[in-house]
S.K.: 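Here it is, the structure in full.
Naming convention: chains lettered A, B, ... in sequence-line order (proteins, then strands); numbering from 1 in each chain.
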Protein chains: 2
Amino acid sequence: MAPPERRRRSTQRDIAQRAGVSQATVSLVISGGAASAQIAEPTRRAVLAAAEELGYAANVAARSLKGGRNRLLGLYTFESVFPTDQRDFYYPFLLGVEEETARQGYDLLLFCSDGSASGTARAERSIYAGGTNRLKIADGCVLLGRNVRREELSALVREDFPFVFVGRREVDDGELSYVAADYVSATAGLVAELARLGHRRILYLRAPEDSEPTRDREEGYRRGLAEAGLGADEALIRSLADPADLTVERLKGWIDGLGITALLVEPTEDDRLTGALATMTGTERVRFPEDCSLALLGDPPSWTPESRNWTRFSLPRAQMAGEAVRVLIELLDEEAPAPRHLTVPCVFVPGDSVGPVPAGGGRPGA
Amino acid sequence: MAPPERRRRSTQRDIAQRAGVSQATVSLVISGGAASAQIAEPTRRAVLAAAEELGYAANVAARSLKGGRNRLLGLYTFESVFPTDQRDFYYPFLLGVEEETARQGYDLLLFCSDGSASGTARAERSIYAGGTNRLKIADGCVLLGRNVRREELSALVREDFPFVFVGRREVDDGELSYVAADYVSATAGLVAELARLGHRRILYLRAPEDSEPTRDREEGYRRGLAEAGLGADEALIRSLADPADLTVERLKGWIDGLGITALLVEPTEDDRLTGALATMTGTERVRFPEDCSLALLGDPPSWTPESRNWTRFSLPRAQMAGEAVRVLIELLDEEAPAPRHLTVPCVFVPGDSVGPVPAGGGRPGA
DNA sequence: ACTCCCAGTTAATACGTATTAGCAAGTGCC
DNA sequence: GGCACTTGCTAATACGTATTAACTGGGAGT
């Protein structure tokens with residue numbers, strides 16, 4: 001009945017002492033499990049009573065130490081999370097990861113420190129800051145980010161550290177596990193939709209960098225055209241160095257010069273592209289979809305209620321994140337796991353920026 | 001150059017072996033600290049090199065078991081985070097905690113596992129669920145939540161575990177550290193504002209439970225009245241068992257029967273109260289502020305663009321969270337820390353539901 | 001030459017738990 | 001009564017780290 005001693009939590013040894021048994025017995029009773037069957041009923045009850053009286057709570061650290069696992073999953077983001085436009089991007093992933101992590105009975109470790117000793121703001125984050133792989137304090141890790149450090153991914157693969165990337169990524173040194181959105185099908189689907197509406201000349205405005213998502217979108221674009229019985233015109237694949245270059249003049253040039261009636265745009269990670277689009281909409285000199293249909297190949301980075309409801313497809317971010325956790329746990333449970341690749345479908349958002357071909361639109365031939 | 005053995009994390013012993021020193025030396029070098037000064041430079045470099053080659057990362061469990069630090073801060077929420085209306089409440093806190101944690105060079109551990117073995121959804125979360133206290137794995141912890149388990153807080157205090165509560169909380173067994181919003185001043189400020197507009201009879205609709213925030217608001221209400229030279233009429237302090245009971249009829253009864261011209265409402269944690277208010281607004285049978293002024297004593301739990309812009313005060317949640325982290329780190333850095341209590345001011349949101357006293361309003365005498 | 005000290009290193013130990021091998025007492029069998 | 005076998009428990013050990021006391025060789029002091 002004595003209250004638990006202050007300043008020190010009770011241990012199995014305390015219980016053992018009080019119940020007049022050994023620490024091992026206490027462990028057997030507390031942990032329950034199979035081996036506990038061989039404990040006599042009176043003993044078990046005595047132990048449980050003592051534990052109750054002392055307010056016993058097992059020490060997780062000790063337990064994990066013994067088991068080699070910490071029941072911790074990590075979440076690492078290559079970009080810093082704090083710029084406001086990044087938060088909206090990041091949050092659904094975080095929610096998905098957190099929910100599934102919780103469901104699996106793990107806790108979630110957010111690697112938010114810069115790695116750099118203190119204070120100094122850094123744009124580039126690093127896993128291996130300080131010479132060691134910080135991720136290792138978790139049992140495994142979910143990785144996220146658009147600007148990935150390839151060499152760090154390679155190192156992780158070489159180290160055989162269990163991790164899953166959210167998004168398709170590939171490295172030279174071997175295969176890594178990822179959960180990716182199906183950009184190919186989603187893009188092909190948009191092309192099909194446009195073709196159904198009568199569009200024949202569809203410009204694909206791609207990102208200048210050659211990352212996996214961009215490659216997938218381009219593949220989807222070509223596949224969509226092929227499936228619609230349209231030939232691919234290389235002149236209709238464009239990229240802009242600066243999203244601000246997407247001006248009304250340029251667009252009119254494409255419409256008149258190339259005869260396009262629709263535009264597929266790959267959104268940038270920042271607000272600049274959608275900003276440029278908003279500017280164009282504001283000028284009234286070009287209207288979507290009256291003058292030209294437009295669809296986004298993904299989510300605009302931040303979404304405010306007053307922003308326009310572009311036709312697009314949307315990544316099921318929370319779902320992807322959840323799948324990533326599930327895959328990661330599979331990896332952890334296996335002896336010698338093979339890399340896993342999972343693809344989840346995107347969601348089509350009808351929006352209001354796609355319509356039929358404008359009356360005079362479309363160049364006859366070509 | 002040999003790669004680390006598959007699926008087994010390298011330990012200090014591995015490093016020791018490779019560098020030809022003892023495990024103790026490795027620990028001294030790795031932990032850095034004061035005692036590491038006495039290690040000869042060549043030795044230190046050999047150890048660090050070996051650690052690098054083996055991809056060493058300290059084992060969190062072992063370190064916390066030993067009582068060491070992991071540069072990990074925990075974040076624990078008493079309510080589950082996933083119901084959508086909870087997310088909006090939770091997210092600003094999370095952001096604040098994460099940002100400040102990062103700035104301090106710590107990583108953030110989200111205690112999201114239910115504690116219950118798996119899968120089963122539970123409304124009540126518990127720190128000690130499953131007979132363990134998971135928090136210990138972090139160096140210290142920020143706690144959050146409206147439905148607090150007092151006995152668990154007490155246990156934490158007794159255990160002398162470093163933690164900071166976001167929100168004013170008190171327990172019998174001793175003092176705990178918290179960072180709280182200044183409900184007293186904020187409520188008094190609203191009363192002052194109403195008094196300035198000529199309101200003399202202001203009803204305070206409080207939550208039925210007697211939690212700290214409610215007590216503080218009531219104190220602020222009384223103080224505000226006193227400072228405005230108004231006496232407190234106990235009949236003007238009401239509570240409703242069910243928020244849905246806040247009907248037009250009841251409100252009209254208060255206006256006509258009690259002669260009130262303004263209403264201070266303590267929002268509930270769920271959407272029911274603001275739902276009731278929205279319903280009232282919709283009926284057109286009572287208009288705010290034409291028939292009666294209304295202000296919320298805090299943020300409505302979820303905020304959608306179409307919801308009304310109630311006059312209210314708002315908690316600086318991210319800031320509170322950041323302060324909590326800062327306080328926690330202070331606690332960690334001290335030898336025998338005294339509990340700290342920090343109060344941050346709320347933000348007045350003018351809104352559109354407060355106005356001057358209606359023409360015929362206000363009972364003359366009373 | 002003796003002690004004394006000091007820098008540099010290590011052996012030993014503790015943290016709290018899970019697990020395995022093994023011990024003691026009891027039961028049934030021949 | 002000796003043997004095998006079961007039941008119920010304990011002793012011992014390992015997990016990986018931090019810390020402290022103890023040890024070593026060598027240089028300085030007397």
S.K.: Are B:S31 and D:dA18 close enough that a side-chain N or O sits under 4.0 Å from OP1 or OP2?
M.R.: yes
S.K.: Between the main-chain N or O of B:R71 and the side-chain N or O of B:D139, is there a donor-acceptor pair closer than 3.5 Å?
M.R.: yes
S.K.: Across the strands shown, which category fits B:A58 at heavy-atom distances under 4.0 angstrom: base, sugar-phosphate, nothing?
M.R.: sugar-phosphate
S.K.: Starting from P on D:dG8, measure out to CZ on A:R45 and report it in whole angstrom.
M.R.: 15 Å
S.K.: Start with the C-alpha gap between A:R326 and A:E330, add the side-chain angles, then the distance that decides, and say whether salt bridge (Lys or Arg N to Asp or Glu O under 4.0 Å) holds.
M.R.: CA-CA 6 Å; A:R326 234 162 290 145; A:E330 283 179 27; over 6 Å; no
S.K.: With a non-hydrogen cut-off below 4.0 angstrom, is B:T43 in contact with a base, only sugar-phosphate, or nothing?
M.R.: sugar-phosphate
S.K.: Search all heavy atoms of A:C141 against all heavy atoms of A:F111 and return the closest pair with its distance.
M.R.: SG-CE1, 4.1 Å
S.K.: Report which part of the nucleic acid B:T11 touches: base, sugar-phosphate, or nothing (heavy-atom distance under 4.0 Å, all strands).
M.R.: sugar-phosphate
S.K.: Shortest non-hydrogen contact from A:A138 to A:L73?
M.R.: CB-C, 4.0 Å
S.K.: D:dA12, C:dT9, D:dT19: which one has an atom nearest the side-chain heavy atoms of A:A24?
M.R.: D:dA12
S.K.: Rounded to whole Å, please give me the gap between NZ in B:K66 and C1' in C:dT17.
M.R.: 15 Å
S.K.: Quick one: is A:T25 getting a side-chain N or O under 4.0 Å of the D:dC9 phosphate, OP1 or OP2?
M.R.: no
S.K.: I need the CD1-P distance between B:I39 and C:dC6, as an integer number of Å.
M.R.: 18 Å
S.K.: Nearest whole Å is fine: how far is C:dG16 C1' from A:I15 CD1?
M.R.: 11 Å
S.K.: Nearest-Å distance, CG (B:L65) to C1' (C:dA14)?
M.R.: 9 Å
S.K.: Classify the nucleic acid contact of A:A40 as base, sugar-phosphate or nothing, counting any heavy atom under 4.0 Å across all strands shown.
M.R.: sugar-phosphate
S.K.: Any Lys/Arg nitrogen of A:R169 or A:E152 sitting under 4.0 Å from an Asp/Glu carboxylate oxygen of the other?
M.R.: no
S.K.: Does the base of C:dA18 carry an N or O that pairs as donor and acceptor with the side chain of A:Q23 under 3.5 Å?
M.R.: yes
S.K.: Send over the distance from A:L54 CG to C:dG16 C1', rounded to a whole Å.
M.R.: 15 Å
S.K.: When you measure from the side chain of A:L28, which nucleotide among D:dA18, C:dT17, D:dT10 comes out closest?
M.R.: D:dT10
S.K.: Taking atom P of D:dT17 as reference, at what distance in whole Å does atom CZ of B:R13 sit?
M.R.: 10 Å
S.K.: Of the listed nucleotides (D:dT10, C:dT17, C:dC15), which one gets closest to any side-chain atom of A:Y56?
M.R.: C:dT17
S.K.: NA contact type, B:V26, heavy-atom cut-off 4.0 Å: base, sugar-phosphate, or nothing?
M.R.: nothing
S.K.: What nucleotide, of D:dA11, D:dG16, C:dA18, holds the atom closest to the side chain of A:Q12?
M.R.: C:dA18
S.K.: Given D:dG16, is OP1 or OP2 found less than 4.0 Å from the side-chain N or O atoms of B:R63?
M.R.: no
